[in-house]
4 protein chains.
Amino acid sequence: MIEQVRRARGRPRSETARRAILDATLALAAEQGPKGVRMDAIASRAGVSKETLYRWWRSKAEVLLEALAQYGEQTIPVPDTGSLASDLRAFLRATARAADPPTERLLRALAAEAAADADLADVVRDTFLARRRADLGRLLGRAVARGELTAGQAATAVDLIYGSLWYRVIFGIGPLDERWADGVADMIASLARASAEAGVDHPEEAPRPVQ
Amino acid sequence: MIEQVRRARGRPRSETARRAILDATLALAAEQGPKGVRMDAIASRAGVSKETLYRWWRSKAEVLLEALAQYGEQTIPVPDTGSLASDLRAFLRATARAADPPTERLLRALAAEAAADADLADVVRDTFLARRRADLGRLLGRAVARGELTAGQAATAVDLIYGSLWYRVIFGIGPLDERWADGVADMIASLARASAEAGVDHPEEAPRPVQ
Amino acid sequence: MIEQVRRARGRPRSETARRAILDATLALAAEQGPKGVRMDAIASRAGVSKETLYRWWRSKAEVLLEALAQYGEQTIPVPDTGSLASDLRAFLRATARAADPPTERLLRALAAEAAADADLADVVRDTFLARRRADLGRLLGRAVARGELTAGQAATAVDLIYGSLWYRVIFGIGPLDERWADGVADMIASLARASAEAGVDHPEEAPRPVQ
Amino acid sequence: MIEQVRRARGRPRSETARRAILDATLALAAEQGPKGVRMDAIASRAGVSKETLYRWWRSKAEVLLEALAQYGEQTIPVPDTGSLASDLRAFLRATARAADPPTERLLRALAAEAAADADLADVVRDTFLARRRADLGRLLGRAVARGELTAGQAATAVDLIYGSLWYRVIFGIGPLDERWADGVADMIASLARASAEAGVDHPEEAPRPVQ
DNA sequence: CGGTAAGCGAGACGGTACGTCTTGTCTTATT
DNA sequence: AATAAGACAAGACGTACCGTCTCGCTTACCG
C-alpha cells in the first residue's frame with residue numbers, strides 16, 4: 001500500500017531557500033555576533049526576499065530557533081551507562097561540543113530576544129529549552145530511581161546545569177569546553193554519591209568513583 | 001592644613017535629575033518590562049531631556065547598571081556562621097528577597113542588552129557581576145578553607161548558583177523565592193558535606209580567585 | 001516590434017504617498033508658516049513614515065522644491081504680444097496670482113533653507129530659479145531683439161524683478177498683488193521705452209504706449 | 001549744568017566681551033557660512049559664556065543685527081550731487097564695497113533667520129532694513145522732487161534695488177560688485193531720464209514714505 | 001577699605017527637530 | 001502559490017542646537 005502524499009498546488013516551498021536562510025543566520029551570528037543577525041541581513045545574505053523569511057517564520061526568534069535546531073544541540077544523545085557521573089560527563093561533553101562558537105552566538109542572539117520579550121521567553125522555554133530540560137531530566141531521573149538524588153535535587157540540578165551554560169554564554173564568563181562539562185558533571189555527581197552514601201532510598205546501589 | 005576639596009566650576013550636576021532617571025528606569029521596567037525601558041520613555045518620565053541622559057550614561061545598559069546598583073542587590077551581606085549550609089541559605093535568601101519583581105525586570109532588561117552586545121557584556125561582567133561573584137566567592141572560600149570544597153568546586157559553584165538565578169529570570173523558568181534559595185543552598189551544601197566526609201584533597205590549597 | 005517599457009521590479013513607489021507628502025507640506029506651510037514645515041510633521045500629517053520621506057527626498061528643501069513644482073508657478077505662460085509692457089504685465093500678474101499665501105509660505109520656507117545652506121542654494125538656483133529666470137529672460141529677450149533694451153539691461157532686470165519678489169516675500173515687505181505686478185512691469189517698460197526713444201540698436205522698432 | 005550719567009552699581013558690562021562676540025560672529029560667518037553661526041560656537045570662539053551672550057542679546061538674530069551694524073553698511077553716505085545717476089552709482093558702489101564676503105555671509109545668516117520666522121522678519125524689516133530703505137528713499141526722493149521719478153516709481157525702485165541685492169546674496173546668483181552697482185544704477189537712472197524727458201507729472205507731489 | 005551687587009565663565013539642563021536604523025507588512029511582476 | 005525585489009508604516013535611537021538656569025568667581029562702585 002503506497003502512501004500517497006497529497007501534493008499542494010502551486011509552487012512548492014523552496015528547500016534551497018530554507019537552507020540558505022538558516023545557513024545565513026548561522027554565518028551572520030558567527031561573523032558579527034548577535035547584533036549582526038538582522039532580518040534584512042539574513043535575507044540579503046541568503047539571496048532571499050524578506051517576504052520569504054516572514055512567510056515561514058513569524059519573527060527573528062523563530063528563525064533562530066530553527067537554526068539552532070538545525071546546527072545546535074539537537075543530536076545530543078542521552079547516555080545510559082548506569083552511572084550518573086559518566087552519564088553526565090558524556091552528556092555535558094557532547095553539549096559543550098555542540099556549543100561551538102557559532103552556535104554559542106546563536107544562543108546568545110536567542111537569549112537577547114527572550115530576555116527582551118516575556119511572551120517570546122515563554123515560547124523558547126516551552127519548546128526549545130523544554131526538550132533539553134527533558135533530556136537532562138531523564139538522565140538525572142535514573143539517578144533518582146537509583147536513590148542517588150531526590151526528585152527535588154534533580155529538578156534543582158537542571159536549573160544549575162543549564163543555568164551555568166546560559167550564564168557563561170550570555171555574559172561571556174567563559175567557554176563551554178570540556179573543562180566546564182567535567183567540572184559541572186563531577187560536582188553534581190559528587191553530590192549524588194554523597195546522598196547515596198548517606199543512605200538515601202537504595203543503598204544497594206554502589207557509588208562509583210568519579211574518574 | 002586642611003585639604004580643600006576644589007568645587008567644580010559651572011552648574012553642578014543635578015542630583016534630582018539623576019534620581020528621577022533611576023526611579024523612572026525602575027518604574028518603567030516594573031510596569032512594562034524590558035521593552036518599556038526606552039531612553040526616550042525614561043527621559044520623558046523623569047522630566048529630563050534625552051541629552052541629560054546621554055550626558056551621563058552612554059547607553060541604556062549603563063543606566064540599568066546604575067539603577068540596579070541603587071535598587072538592587074547591593075546591600076546583601078555575606079554571612080559567616082561557620083557553616084556553609086547556613087551561610088549559603090542566608091545569602092541566597094537575601095538575594096532572593098532583593099530580587100523582587102521590579103528588580104527582576106531590571107535584571108532581565110540588562111541581560112537583554114548584554115546578550116545582544118558582547119562589549120557591553122564585558123562591562124557588565126567585570127563590574128556588576130564581578131562584585132556579586134566576589135561576595136559569593138568569599139563565602140565559598142571559607143568552605144574551601146575548611147576543606148569542605150575544592151577551589152575548583154567553589155569556582156564551579158559560583159557559575160551554577162548565579163547561572164541558575166539568571167536562567168530563571170531570563171527565561172521565566174520560575175521565581176527567585178525562598179524555595180529556590182533553599183534548594184540551591186542545600187544542594188551545594190550537601191555536596192560540601194560529602195566532600196568533607198570523603199576527605200577532599202588539599203584544604204590548604206588557596207582558593208583560586210573566582211573570576 | 002514594439003519597445004516594451006520594462007517595469008521596475010518590486011513594489012512600485014506609492015503615488016498616493018507622494019501626493020500626500022506634497023499636500024501635507026503645502027498645508028503645513030500655509031497653516032503654520034516655515035517653522036511648521038518639519039519633516040516629522042509632514043510625515044505624520046501625510047500618514048507616511050519618515051523613512052519614506054527620506055527615501056525620496058534627501059532634505060526638507062527637496063520636498064519644498066517638489067511641492068512648489070506641483071503647486072507653484074509652473075503654469076505661468078510666457079506671453080508674446082509684441083509689447084514689452086503688456087508682456088511683462090501679463091507675466092507678473094500671473095506670477096502674483098500663482099503666489100497665493102500658501103505658496104508664498106512655501107517660497108519663504110525654501111528661502112530659509114537656501115539662505116542657511118550654500119550647497120542647497122546652488123541647487124535651488126540651478127533648478128527652480130533657473131527655469132523662471134529663463135522664462136523671464138525669453139520675454140525680455142524679445143524686447144532686446146526689438147531694441148528696447150540692451151542685453152545687459154535685460155539681465156539686470158531679471159535680478160531686479162525676481163529680487164523684489166523674494167525680498168517682499170522673505171521680509172514681509174508687502175504682498176505680491178496686482179499693484180506690485182503693475183508697478184514693476186511699468187517701471188521696466190518705461191525704461192525700455194526710454195531706451196528705444198534714445199535710439200538704441202534698432203530704431204525701426206516703434207515704441208508702444210504702455211496700455 | 002553738567003549731565004551726570006548715573007553709573008550703574010555692580011560690575012560694568014565688559015566692552016571686551018561685546019567686541020569679542022561680534023568679531024566671533026563675523027569670523028564664523030566668514031569661515032563657515034551661515035550654518036557655522038551657532039550661539040555656542042560664537043560663545044566659545046569669543047571666550048565668553050553663553051550666559052553673557054543671552055544677557056545682552058535675546059536671540060541669534062539680534063547678535064547678527066548688531067554684528068551687521070558694526071561691520072556692515074552703516075557707514076554708507078547718502079550722496080547729493082544733483083544727478084540721480086551719479087548719486088545712485090556712488091551709493092550702490094559704496095553698498096557693494098560694504099558687502100564684502102564676510103558681511104555677505106552675515107546677511108545671508110540673517111536672511112535665513114528672518115525667512116524662517118515671520119515675527120523676526122518684522123523686526124528686521126522695521127529696524128535694519130528700514131534704515132537702509134530710508135537712505136535710498138531720501139536719495140530717490142530728490143529725483144522725485146526734480147520730477148525725474150514719480151513717488152510710486154521711487155517706492156518700487158527701492159524694492160527692486162534692495163531686492164536684487166538680497167536675491168543675489170541669498171541664492172548665490174552673483175557677487176555684489178561694482179558691475180552690479182553700476183548696472184542697477186544705470187538702469188534706474190535711464191528710467192528717470194526718460195521720465196523727465198517725457199515730462200512726468202510734477203514735483204509738488206510729496207514722495208510717499210518708503211515703507 | 002570692605003561690603004555688595006551685577007557681570008561673567010563654566011557647563012548642566014529641558015525642549016525639540018533631525019536623520020538613521022530595524023522590524024514586520026504589503027504590493028508588484030516573475031517563476 | 002511561492003518567490004525576489006523593494007516600498008512602506010511604525011517607532012526607537014543617538015545627535016545637534018536653542019535658549020535657560022545655577023553655580024562660584026570677579027570687578028568696580030559706594031558707604
Side-chain angles (χ1 to χ4, degrees), chain A residues 8-14 16-17 35 37-41 43-44 46-61, chain B residues 6-18 35 37-44 46-56 58-60, chain C residues 6-18 35 37-41 43-44 46-60, chain D residues 6-14 16-18 35 37-41 43-44 46-60:
Chain A
R9 307 210 330 166
R11 181 172 172 176
R13 175 174 181 181
S14 158
T16 312
K35 279 201 176 161
V37 184
R38 298 190 325 269
M39 291 302 254
D40 56 349
S44 112
V48 142
S49 75
K50 277 174 53 176
E51 164 70 12
T52 302
L53 262 179
Y54 282 102
R55 181 184 305 280
W56 302 110
W57 298 278
R58 267 167 308 178
S59 68
K60 183 160 69 174
Chain B
R6 181 72 175 166
R7 187 66 142 73
R9 307 220 299 173
R11 180 175 179 173
R13 175 173 181 182
S14 160
E15 181 59 17
T16 312
R18 193 186 140 271
K35 283 212 177 148
V37 184
R38 290 171 288 109
M39 291 302 254
D40 56 351
I42 294 172
S44 114
V48 143
S49 73
K50 283 207 303 178
E51 212 214 328
T52 299
L53 223 43
Y54 284 102
R55 184 192 310 282
W56 299 109
R58 265 166 309 178
S59 68
K60 186 156 63 181
Chain C
R6 183 69 177 169
R7 189 66 145 70
R9 308 222 298 176
R11 180 175 177 172
R13 176 174 181 184
S14 162
E15 180 59 17
T16 311
R18 193 186 141 272
K35 283 213 175 147
V37 184
R38 291 173 288 108
M39 291 303 254
D40 55 350
S44 116
V48 143
S49 75
K50 284 208 303 178
E51 210 218 330
T52 299
L53 223 43
Y54 283 102
R55 184 192 309 282
W56 300 109
W57 297 278
R58 265 166 308 177
S59 68
K60 186 157 60 182
Chain D
R6 177 75 180 155
R7 196 62 149 70
R9 309 212 326 166
R11 179 175 177 174
R13 175 174 181 181
S14 159
T16 312
R18 190 185 146 274
K35 279 203 177 160
V37 185
R38 298 189 326 267
M39 290 303 254
D40 57 348
S44 114
V48 143
S49 75
K50 276 174 50 172
E51 163 70 11
T52 301
L53 260 180
Y54 282 101
R55 182 186 303 278
W56 302 109
W57 297 276
R58 268 169 306 179
S59 68
K60 183 161 67 175

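Here is how names work: the chains are called A, B, and so on, in the same order as the sequence lines, proteins then strands, and each is numbered from 1.
Listed pair W56(B) / dA12(E) fails the phosphate criterion, with no side-chain N or O lying under 4.0 Å from OP1 or OP2. Remark: S49(D) is not in phosphate contact with dG11(E), judged by side-chain N or O atoms under 4.0 Å from OP1 or OP2. The phosphate of dA7(F) has neither OP1 nor OP2 within less than 4.0 Å of any side-chain N or O from S14(C).
Rounded to whole Å, the distance from CG on L53(B) to C1' on dG15(E) is 14 Å. If you take CZ of R13(D) and P of dA5(E), they are 22 Å apart, rounded to a whole angstrom. Between the CG atom of D40(B) and the P atom of dC18(E) there is a distance of 17 Å, given to the nearest Å. Between the CZ atom of R38(A) and the P atom of dT20(E) there is a distance of 16 Å, rounded to whole Å. Going from atom NZ of K35(C) over to atom P of dG19(F) covers 8 Å, rounded to whole Å. Distance W57(A) CH2 to dT25(E) P: 15 Å, rounded to the nearest Å. Per the geometry, CE belonging to M39(A) stands 6 Å off P belonging to dG24(E), to the nearest Å.
Nucleic acid contact class of S59(C) (heavy atoms, under 4.0 Å, all strands): none.
Sequence order on DNA chain F of the closest nucleotides to V37(D) and G47(C) puts G47(C) first from the 5' end. If Y54(C) and R55(B) are placed on DNA chain E by their nearest nucleotide, the residue sitting closer to the 5' end is R55(B).
With hydrogens and angles left out, the side chain of K60(A) and the base of dG24(E) share no donor-acceptor pair within 3.5 Å. Scanning atom types as modelled, one donor and one acceptor separated by under 3.5 angstrom connect the side chain of E51(B) and the base of dC17(F). One can find a donor-acceptor pair under 3.5 Å joining the base of dG14(F) and the side-chain atoms of K50(B). Remark: the R11(C) side chain and the dC26(E) base include a donor-acceptor N/O pair separated by less than 3.5 Å.
L53(D) and V48(D) get closest at one heavy-atom pair: N-CG1, 4.5 Å. Annotation for A43(C) and S49(C): closest pair CB-C, 4.1 Å, computed over non-hydrogen atoms.
Distance CZ/R55(B) to NZ/K50(B): 14.5 Å, rounded to 0.5 Å. Atom CE of M39(B) is separated from atom OG of S44(B) by 13.0 Å, given to the nearest 0.5 angstrom. Interatomic distance, OG of S59(A) versus OH of Y54(A), reported as 7.5 Å (0.5 Å rounding).
The A17(B) side chain lies nearest to dG14(E) when the options are dG24(E), dC8(F), dG14(E).
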